[in-house]
Amino acid sequence: MNMYKNLDQTYVLQTYGRNYTSFTHGKNATLFSDKGEDFIDFTSGIGVVSVGHGNEVLSKAIGEQAGKILHISNLYLNKPQALLAKRLSDLAGFDLGVFFANSGAEANEGAIKLARKYGNKKGKNHIITLENSFHGRTLATLRATGQESFHVKDFEPFIDGFSFVKNIDEAIQKADGKTAGIMIELIQGEGGVNPLPKEKVQELALFCQKNDILLIVDEVQTGVYRTGKFLCSQVYEIKPDIITLAKGLGGGVPIGAVLTKHKDIFTIGDHGSTFGGGFLVSRAALSVLDILEKMYKNKQLEEHIKYFNSKLENLVKKFPDLFLVSKGIGFMRGIKCKREVKILIQKAHENKVLALKAGGDTLRFLPPLSISKQEIDEGFKRLELAFS
Ligand SMILES: Cc1ncc(COP(=O)(O)O)c(C=O)c1O
């Protein structure tokens with residue numbers, strides 16, 4: 001057995017079903033293995049590497065920051081963090097305060113604490129989430145995740161105060177005087193790349209506003225230009241009470257963020273994180289936003305999304321025995337499959353394309369937002385070969 005595979009299997013707790021291809025470096029949406037092979041990356045590390053692998057602007061920003069200050073605790077002023085918070089609020093287009101965490105689950109934990117503190121003052125602390133949702137792997141976010149398969153007995157007891165419902169209509173029906181917040185993903189990512197209906201989401205936003213219930217939108221996967229705009233909430237034309245971000249915000253460094261309209265709920269001592277929003281990740285996120293904002297403004301993002309999606313539609317049409325329909329928004333795409341997705345991913349991998357699974361039956365694509373047309377062409381050429 002390969003020495004590193006052996007080390008991994010002996011010393012790393014085996015919680016992932018790992019593929020043992022070993023990548024050494026990358027350039028934009030192309031990854032290179034230690035065997036000298038090149039792969040087209042249609043996953044960006046599950047929606048993380050938003051500006052591509054080996055991005056020179058980002059790596060320069062990280063290098064410069066590393067040479068100055070990597071970390072000083074959150075007990076001192078951190079200029080990049082302050083600038084980043086303002087930038088997030090500006091890009092969202094409404095006045096928001098930000099708490100910085102280190103991951104999506106942690107950002108969601110922060111959002112849950114925020115909603116509970118807001119609600120408990122009014123005698124309510126219950127959070128409603130949707131069936132098929134995914135909000136993370138910590139004990140609270142696992143419980144918030146609306147899939148029974150995650151609520152396994154091994155991890156009991158879970159924390160109280162959550163329930164999940166089939167859809168938005170049911171959320172509106174079930175919400176009562178005990179409901180502090182309703183938490184949704186606008187496109188259920190892990191659940192199968194399923195966008196929620198826009199009118200229903202807007203109805204929910206209005207309902208929450210009228211009933212003093214906080215609308216929490218988990219944009220850990222949909223946020224930071226993944227769906228073509230800075231926030232998917234902008235695509236849906238809503239202004240949620242709380243928005244969480246992570247994944248693409250750092251372009252590969254770990255950062256999470258809780259954005260809220262309600263700047264006065266948390267006060268000193270209510271929440272904290274040793275690493276959250278440290279110098280390095282804040283500087284990196286500012287650089288990521290510079291790159292992505294430019295791609296958004298000069299329409300490259302929109303153009304490449306259209307290009308990718310037309311290729312995806314062609315693939316679906318070309319293989320009617322394998323595929324049913326494509327779904328998703330922007331660069332968050334899936335294909336509902338007739339065949340076992342695991343096998344399709346394996347075939348793609350054999351032909352040097354990385355793809356993902358979502359839900360039970362969806363082949364999922366989350367390419368770097370910076371992917372070039374040549375890489376899109378090459379990736380789909382290889383997929384056609386893989387599925388022929
Ligand atoms: C919508 C959503 N929320 C939360 C998470 C958890 O994020 P993390 O793995 O960074 O904790 C994910 C991860 O896939 C996600 O897609």
Side-chain angles (χ1 to χ4, degrees), residues 96-97 99 101 104-153 155-186 188 190-191 194 196-197 199-220 233 236 238-245 256-267 269-272:
L96 295 165
F99 175 86
E106 242 191 74
N108 286 339
E109 287 271 345
I112 291 164
K113 276 181 76 174
L114 201 64
R116 282 194 168 176
K117 184 165 181 200
Y118 181 83
N120 269 321
K121 289 209 169 92
K122 303 169 189 211
K124 50 191 192 176
N125 54 30
H126 197 92
I127 311 273
I128 295 177
T129 62
L130 294 187
E131 207 169 278
N132 242 351
S133 57
F134 182 79
H135 297 297
R137 297 282 195 157
T138 60
L139 283 170
T141 56
L142 260 186
R143 187 64 190 80
T145 290
Q147 302 185 52
E148 280 302 357
S149 57
F150 283 94
H151 304 154
V152 291
K153 287 223 170 311
F155 303 123
E156 285 182 349
F158 287 100
I159 69 168
D160 284 341
F162 293 90
S163 60
F164 60 87
V165 295
K166 270 202 163 42
N167 52 37
I168 289 177
D169 284 339
E170 209 177 288
I172 290 175
Q173 253 173 39
K174 289 257 168 82
D176 59 18
K178 292 275 167 220
T179 309
I182 298 178
M183 183 165 175
I184 58 171
E185 296 157 87
L186 296 172
Q188 295 188 326
E190 302 302 308
N194 298 315
L196 298 185
E199 327 75 63
K200 285 286 163 199
V201 168
Q202 291 183 339
E203 189 186 328
L204 178 68
L206 207 62
F207 170 83
C208 285
Q209 198 186 339
K210 278 189 186 152
N211 291 279
D212 195 21
I213 292 170
L214 298 187
L215 178 62
I216 308 165
V217 176
D218 175 348
E219 292 229 33
V220 165
S233 295
Y236 277 72
I238 55 164
K239 290 181 176 165
D241 296 283
I242 304 174
I243 297 165
T244 53
L245 300 175
V258 187
L259 283 56
T260 183
K261 286 175 183 173
H262 305 274
K263 294 184 173 186
D264 55 354
I265 302 177
F266 274 165
T267 55
D270 274 341
H271 201 34

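Just so you know, these numbers come straight off a predicted model, no measurement behind them. Sequential numbering from 1 along the given sequence is applied to the chain's residues.
- In terms of the side-chain contact (heavy atoms from CB on, under 4.5 Å) criterion, residue partners of Ser149 (sequence neighbours excluded) are, by chain and number, Gln147.
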Side chains of residues 203-211: which donor-acceptor partners sit under 3.5 Å, not counting sequence neighbours?
unit_1 : atom_1 : unit_2 : atom_2 : d
Glu203 : OE1    : Lys200 : NZ     : 3.4
Asn211 : ND2    : Phe207 : O      : 2.8

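- In terms of heavy-atom proximity, Ala180 sits nearest to Gly119 at CB-CA, 4.0 Å.
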side-chain contact (heavy atoms from CB on, under 4.5 Å) between Leu114 and Phe99, worked out | CA-CA 10 Å; Leu114 201 64; Phe99 175 86; over 6 Å; no

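- Residue pairs that meet the salt bridge (charged side-chain N to carboxylate O under 4.0 Å, His left out) test with at least one member in residues 173-186, sequence neighbours left out, are Glu170-Lys174.
- In terms of heavy atoms, Thr141 sits closest to Ala105 at CG2-O, 3.4 Å.
- In this structure, Ala140 and Ile112 approach most closely via the heavy-atom pair CB-CD1, 4.3 Å.
- Across all non-hydrogen atoms, the minimal contact from Ile216 to Ala111 is CG2-CB, 3.9 Å.
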Compile the donor-acceptor pairs under 3.5 Å between side chains in residues 256-266 and protein atoms, sequence neighbours left out, one pair per line.
unit_1 : atom_1 : unit_2 : atom_2 : d
Thr260 : OG1    : Asp241 : O      : 2.8
Thr260 : OG1    : His262 : N      : 3.0
Lys261 : NZ     : Lys239 : O      : 2.7
His262 : NE2    : Asp241 : OD1    : 2.8
Lys263 : NZ     : Asp95  : OD1    : 3.0
Lys263 : NZ     : Asp95  : OD2    : 3.3

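- The ring pair (Phe, Tyr, Trp, His ring centres under 6.0 Å) pairs that include a residue from residues 121-140 are Phe134-Phe150, where partners are two or more places apart or lie in different chains.
- The structure places CG of Asn167 at 12.0 Å from CD1 of Ile184, a figure rounded to the nearest 0.5 Å.
- The list of salt bridge (charged side-chain N to carboxylate O under 4.0 Å, His left out) pairs with a residue in residues 134-151, not counting sequence neighbours, is empty.
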